Amino acid sequence: MSKSNEEFEGRKKIEGTLLNTDYFLREGKAVIELFFWTDAGKIRIEDDNFEPYLLVEIKDNERIEGIVKELEKIRNDEKNKEHYVTKCEFVKRRIGLENKEFIKVIVNRPSSVPALKGIIRKTKGVKEIYEYDIPFAFRYLLDKGLSCFNDYSVSVEEKNERLMLKRIQEINALNSAERRMPNAIGIDIETFVSNEDEIKPEKDPILMISIYGEKLKKILIAGSGKDTEMIEWCGNEKAMLERLFEIINAEQPAIIFGYNSDSFDMSYIARRTELLGIKHNEIEFKDSSKGMPIVKIKGYAHIDLYRYIRIAGGRGLNLENYSLDEVANKIIGKGKNDLNPLELSNAWRENNEKKIIEFAIYNLNDAEITYELGERFLPSISELSRLICLSPEDVCRMSFSQLVEWYLMKRASQEKAIIPNKPESEESYERRKRRFEGAFVFQPTPGLYDNIVVFDFRSLYPSIIASHNISTETFTNKECEDCYTVPDKNQGGFIKKPTGLVSKSIKDILKQRREVKARLKKDLDEHEKSLLKAREQGLKTLANSMYGYLAYERARWYCYECARAVASFARYYIKDVISKANKEGFHVIYSDTDSIFITLKDKTKEECIDFVEQINKELPEEMELEYEGFYKRGIFVFAKSFDKGAKKRYALIDEDGDINIKGFEVIRRNWSEIGKRIQMGVLRRMLEKGNPEEALDYLKEEIEKIRKGEVDFKELEIRTKITKNINSYANISPHVAAAKRAIEKRGKIGAGSIISYIVAKSKTGKNERISERVILPEECTKDSYDENYYIEKQIIPAVESIFKTVGIDIESALKSKESQQTLLGFYSD
DNA sequence: TACGGGCGGGG
DNA sequence: GTGTACGCCCGTA
């Protein structure tokens with residue numbers, strides 16, 4: 001049928017990106033609503049042609065007609081709500097390895113599923129019920145094979161000014177480069193604070209709200225003043241909130257970004273709106289939880305970046321904490337303005353317009369960095385959303401295990417396999433107690449090594465799952481010929497055919513990832529590149545989370561035997577490589593989980609590469625040992641209080657002089673900069689020339705400088721976070737003492753702020769506790785800081801194990817050269 | 001050593 | 001609403 005014909009029949013076609021879905025009830029019947037982002041903005045389309053259901057497994061040898069008759073009689077009316085079974089249909093599903101017929105029990109409305117599930121389960125002849133806890137909007141996407149952030153062409157019919165869905169079809173033509181990106185805004189609020197320990201919407205009003213979008217930069221203030229292009233003085237809070245809804249309604253952003261906005265901004269706005277009796281049709285908040293709040297806004301994708309970054313997005317970014325300032329600095333290179341938001345209340349009381357405007361700018365800056373963080377993370381969120389078939393506001397609040405689970409639910413649905421039920425809480429509790437042996441770590445012999453080659457298995461755990469058909473339904477305890485047998489004895493095995501759901505999913509993820517990586521090698525524009533990178537990351541996340549998911553006690557596809565087997569295969573393969581390497585005359589110095597470190601000695605790099613090739617010929621198809629790199633030197637240090645090498649604590653230097661450090665605590669906040677710097681300096685000198693004496697000379701020079709007062713005081717600062725009100729600390733630790741001192745000198749310091757202090761010499765000569773000797777950075781002078789504290793408590797511990805590794809006892813080395821100076825035993829704490 | 005409870009971010 | 005985070009740190013028995 002041609003396009004004009006369709007239009008002639010009262011239909012029209014809309015092309016757009018699916019953003020999210022929801023549903024509501026009209027005359028007791030569920031109506032799905034789909035929100036699309038199109039060239040003309042946001043469009044809402046309804047579909048009232050989808051019914052809620054659950055699946056029933058029938059007991060063997062039961063007469064199916066009799067059961068259907070019973071099921072169709074089920075009715076349970078409560079509190080003005082009627083719940084009943086409308087009809088039954090027969091469907092084929094795979095359960096475990098078996099194909100069976102199930103009864104699809106269709107009910108009158110979504111909430112009838114939980115309302116009736118108990119009665120249905122107890123009906124005579126019913127063995128088990130399934131898929132009774134799948135959210136309705138997700139069920140719709142699954143059954144229709146739709147996914148958020150995909151592009152669709154939709155035929156719609158206009159009915160009572162509503163657009164009703166008639167046909168929907170994916171448009172494959174739009175590749176990532178052409179994909180439209182939805183418009184978004186960032187939001188941030190500032191509130192009045194009457195008591196800093198307890199900020200509640202019941203007593204403290206919102207003072208200002210900032211909205212930041214590509215073309216929108218606005219600060220609304222709940223007071224009176226002179227408007228500017230950016231600042232709108234709304235008179236009072238009620239008018240300000242009404243104005244906020246008006247702006248959002250006019251702007252129609254697809255996405256609203258906030259930072260900690262589930263717990264704070266959005267729930268605060270929702271609560272104040274309620275308290276002030278503001279009527280608004282534009283925005284509907286749905287606080288959908290009892291514990292930690294989740295605020296959903298109907299028709300908008302509200303994304304709380306704090307949650308996303310905390311759970312998923314912030315991995316591997318070396319964040320000290322998840323404050324907006326820290327996160328924004330690390331990710332987009334700019335942070336919050338230097339202003340204490342608590343002081344806004346004072347400015348407000350004093351009606352200090354100039355100061356209030358300063359805070360307004362501060363407020364907008366927060367909305368701006370929130371928006372920019374959102375822009376940065378939207379590709380990952382949208383790609384995960386596409387991959388898993390969930391709305392962006394759902395994926396951004398999920399843990400890795402949940403992401404994996406929803407992905408498997410999608411895959412199961414595509415394969416017409418039954419989605420297993422969640423475990424009861426007792427079952428989860430029992431599962432939690434089960435342990436198994438983890439990864440293999442080779443205890444290194446401490447020392448400095450030359451010419452190190454590192455190999456590692458590419459995606460070791462995922463590739464093991466893929467190549468041994470490890471899946472919940474393929475595990476078997478029986479002896480079988482056509483099986484992958486777990487290397488550890490009496491741990492069963494996995495049948496080779498058919499491919500299990502978990503294994504098949506991961507195989508597919510790995511394949512997709514290889515394809516994306518191949519595409520990324522081509523010359524692409526920035527937009528497409530960022531989307532493909534995000535997809536690649538999303539696939540990696542899913543693949544790497546599968547192993548943990550199998551052992552996760554609340555997983556639907558939980559499989560203790562599978563997780564145990566993955567670890568067992570991993571140990572088997574890595575040990576196999578180690579023994580083969582040793583047999584070939586390589587010297588293995590270290591190995592951890594999926595990597596192997598060898599020293600070349602009389603071998604060449606080429607021989608190493610040949611060795612890897614040989615190993616790969618013998619490995620299963622999905623598995624691969626990779627040549628990771630060559631390092632000209634490496635140091636493996638002693639473990640604290642052990643006479644053996646520490647696992648996971650080493651440093652390597654490559655041929656370009658870049659140092660790769662593992663396990664040295666160089667990034668801890670409560671270490672002074674000087675300790676970190678000297679540790680790094682010592683490591684560098686050891687690794688560059690392989691000469692410990694040079695490192696020792698460097699250390700002595702640095703210690704000499706500390707003694708002479710030739711240090712940058714900034715390097716002496718120790719930073720610790722004040723987590724609660726300063727008066728509620730029972731023990732006065734150094735940072736609390738510092739905070740008290742700072743309050744005396746500079747005024748209030750709230751919970752959550754980071755306090756910096758420096759340890760000073762005793763003034764009385766009595767050697768008091770550190771907490772009695774802390775000073776603030778601005779008080780520090782050449783003579784005031786305690787050089788012995790820094791040398792013994794900050795420098796020595798940082799380098800001690802490094803020197804011990806090369807046979808230098810740092811205490812005696814320093815003592816002998818510093819003649820009279822006794823370094824240790826001097827200090828008691 | 002096990003566990004129970006609270007916190008994180010936000011103002 | 002066909003779904004209820006989670007991992008860490010602290011104090012206490």
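Chain letters run A, B, ... following the sequence lines, proteins first, then strands; residues in each count from 1. Treat the numbers as computed from the prediction; the structure is a model and nothing was measured.
When heavy atoms are screened at a 4.0 angstrom cut-off, A/P341 is found touching the sugar-phosphate backbone but no base atom. Heavy atoms of A/Y132 sit under 4.0 angstrom from at least one base atom. A/S111 comes within contact range of at least one nucleobase, with a heavy-atom separation under 4.0 Å. Residue A/L344 is classed as having no contact, given no heavy-atom separation below 4.0 Å to the nucleic acid. A/D366 comes within 4.0 angstrom of sugar-phosphate atoms only, judged by non-hydrogen atoms across all strands, and of no base. A/Y53 comes within contact range of at least one nucleobase, with a heavy-atom separation under 4.0 Å.
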Please write out each protein N/O paired with an N/O of nucleotides 6-8 of chain C under 3.5 Å, distance rounded to 0.1 Å.
unit_1 : atom_1 : unit_2 : atom_2 : d
C/dC6  : OP1    : A/S399 : OG     : 2.6
C/dC6  : OP2    : A/Y552 : OH     : 3.0

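C/dG11: glycosidic angle beyond 90° from 0, hence anti.
In this structure, A/I106 atom CD1 and C/dT2 atom C1' are separated by 14 Å, rounded to whole Å. If you take CG of A/D325 and P of B/dG10, they are 9 Å apart, rounded to a whole angstrom. C/dT4 atom P lies 11 Å from atom CD1 of A/I134, rounded to whole Å. The separation between A/R349 atom CZ and B/dG11 atom P is 18 Å, rounded to whole Å. The distance between atom CZ of A/F359 and atom P of B/dG10, rounded to the nearest whole Å, is 15 Å. At whole-Å resolution of the value, CZ in A/F136 and P in C/dG3 are 13 Å apart. Distance CG (A/L339) to P (B/dG11): 11 Å, rounded to an integer number of Å. Per the geometry, CG belonging to A/L390 stands 14 Å off C1' belonging to C/dT2, to the nearest Å.
The stretch residues 203-211 of chain A has no heavy atom under 4.0 angstrom from DNA chain C at all.
For A/L324, counting side-chain heavy atoms from C-beta on, the closest listed nucleotide (C/dG3, B/dG10, C/dT2) is B/dG10. Closest to the side chain of A/R139, from the set B/dG9, C/dT2, B/dG11, is C/dT2. Considering only side-chain atoms of A/K422, the nucleotide from B/dG11, B/dG9, C/dG3 that sits closest is C/dG3. Here the nucleotide nearest the side chain of A/D188, chosen from C/dG3, C/dT2, B/dG10, is B/dG10. Side-chain atoms of A/Y322 lie closest to B/dG9 of the nucleotides C/dT2, B/dG9, B/dG11.
A side chain to side chain donor-acceptor pair (under 3.5 Å) check over residues 416-428 of chain A, counting only residues at least two apart or in different chains, returns the pairs A/E427-A/R431.
Taking the centre of each ring, A/Y23 and A/F50 stay at or above the 6.0 Å mark. Annotation: A/Y558 is not in aromatic contact with A/Y552 [ring centroid separation under 6.0 Å not met].
The side-chain hydrogen bond (donor to acceptor under 3.5 Å, both in side chains) check on A/Y132 picks up nothing, with sequence neighbours excluded. Remark: A/E51 engages no residue in a side-chain hydrogen bond (donor to acceptor under 3.5 Å, both in side chains) (not counting sequence neighbours). Remark: A/R554 engages no residue in a salt bridge (Lys or Arg N to Asp or Glu O under 4.0 Å) (not counting sequence neighbours). Applying the ring-ring contact (aromatic ring centres under 6.0 Å, His included) rule to A/Y130 yields no partners; only residues at least two apart in sequence or on another chain are considered. Judged as a salt bridge (Lys or Arg N to Asp or Glu O under 4.0 Å), and not counting sequence neighbours, the contacts of A/E202 are A/R271. For A/R75, the side chain to side chain contact (heavy atoms under 4.5 Å, CB included) criterion is met by A/D77, A/E82, A/Y84, not counting sequence neighbours. Residues meeting the salt bridge (Lys or Arg N to Asp or Glu O under 4.0 Å) test with A/R272, sequence neighbours left out: A/E237.
Under 4.0 angstrom from either OP1 or OP2 of B/dG11 there lies at least one side-chain N or O belonging to A/K336. At the phosphate of C/dT2, OP1 or OP2 sits under 4.0 Å from a side-chain N or O atom of A/Y23.
For A/D133 and C/dG1, a side-chain-to-base donor-acceptor distance below 3.5 Å is absent, hydrogens and geometry of angles not being considered.
A/I419 has its side chain out of reach of A/L55: every pair of non-hydrogen atoms, C-beta onward, lies at least 4.5 Å apart.
A distance of about 14 Å separates the C1' atoms of B/dG6 and C/dA5, rounded to the whole Å. Nucleotides C/dG3 and B/dG9 place their P atoms 31 Å apart, quoted to the nearest Å. With C1' as the reference atom, C/dT2 and B/dG8 are 31 Å apart, rounded to whole Å.
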In residues 396-409 of chain A, what donor-acceptor pairs under 3.5 Å come from side-chain atoms, sequence neighbours left out?
unit_1 : atom_1 : unit_2 : atom_2 : d
A/R397 : NE     : A/D262 : OD2    : 2.7
A/R397 : NH1    : A/H302 : O      : 3.1
A/R397 : NH1    : A/E393 : O      : 2.7
A/R397 : NH2    : A/D262 : OD1    : 2.9
A/R397 : NH2    : A/D262 : OD2    : 3.4
A/R397 : NH2    : A/H302 : O      : 3.1
A/R397 : NH2    : A/H302 : ND1    : 3.4
A/S399 : OG     : A/Q402 : N      : 3.3
A/S399 : OG     : A/Q402 : OE1    : 3.2
A/Q402 : OE1    : A/S399 : N      : 3.0
A/E405 : OE1    : A/Y549 : OH     : 2.3
A/E405 : OE1    : A/R556 : N      : 2.8
A/E405 : OE2    : A/R556 : NE     : 3.3
A/Y407 : OH     : A/R411 : NH1    : 3.2

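Of the charged side-chain nitrogens involved, none lies within less than 4.0 Å of a carboxylate oxygen, so that A/K355 and A/E350 do not count as a salt-bridged pair.
DNA chain C contains the following stems of three or more consecutive Watson-Crick or G-U pairs, with both distances under 3.5 Å: B:1-8 with C:6-13.
In summary, the side chains of A/S323 and A/D325 do not present any donor paired with an acceptor at a separation below 3.5 Å, with no hydrogens or angles considered.
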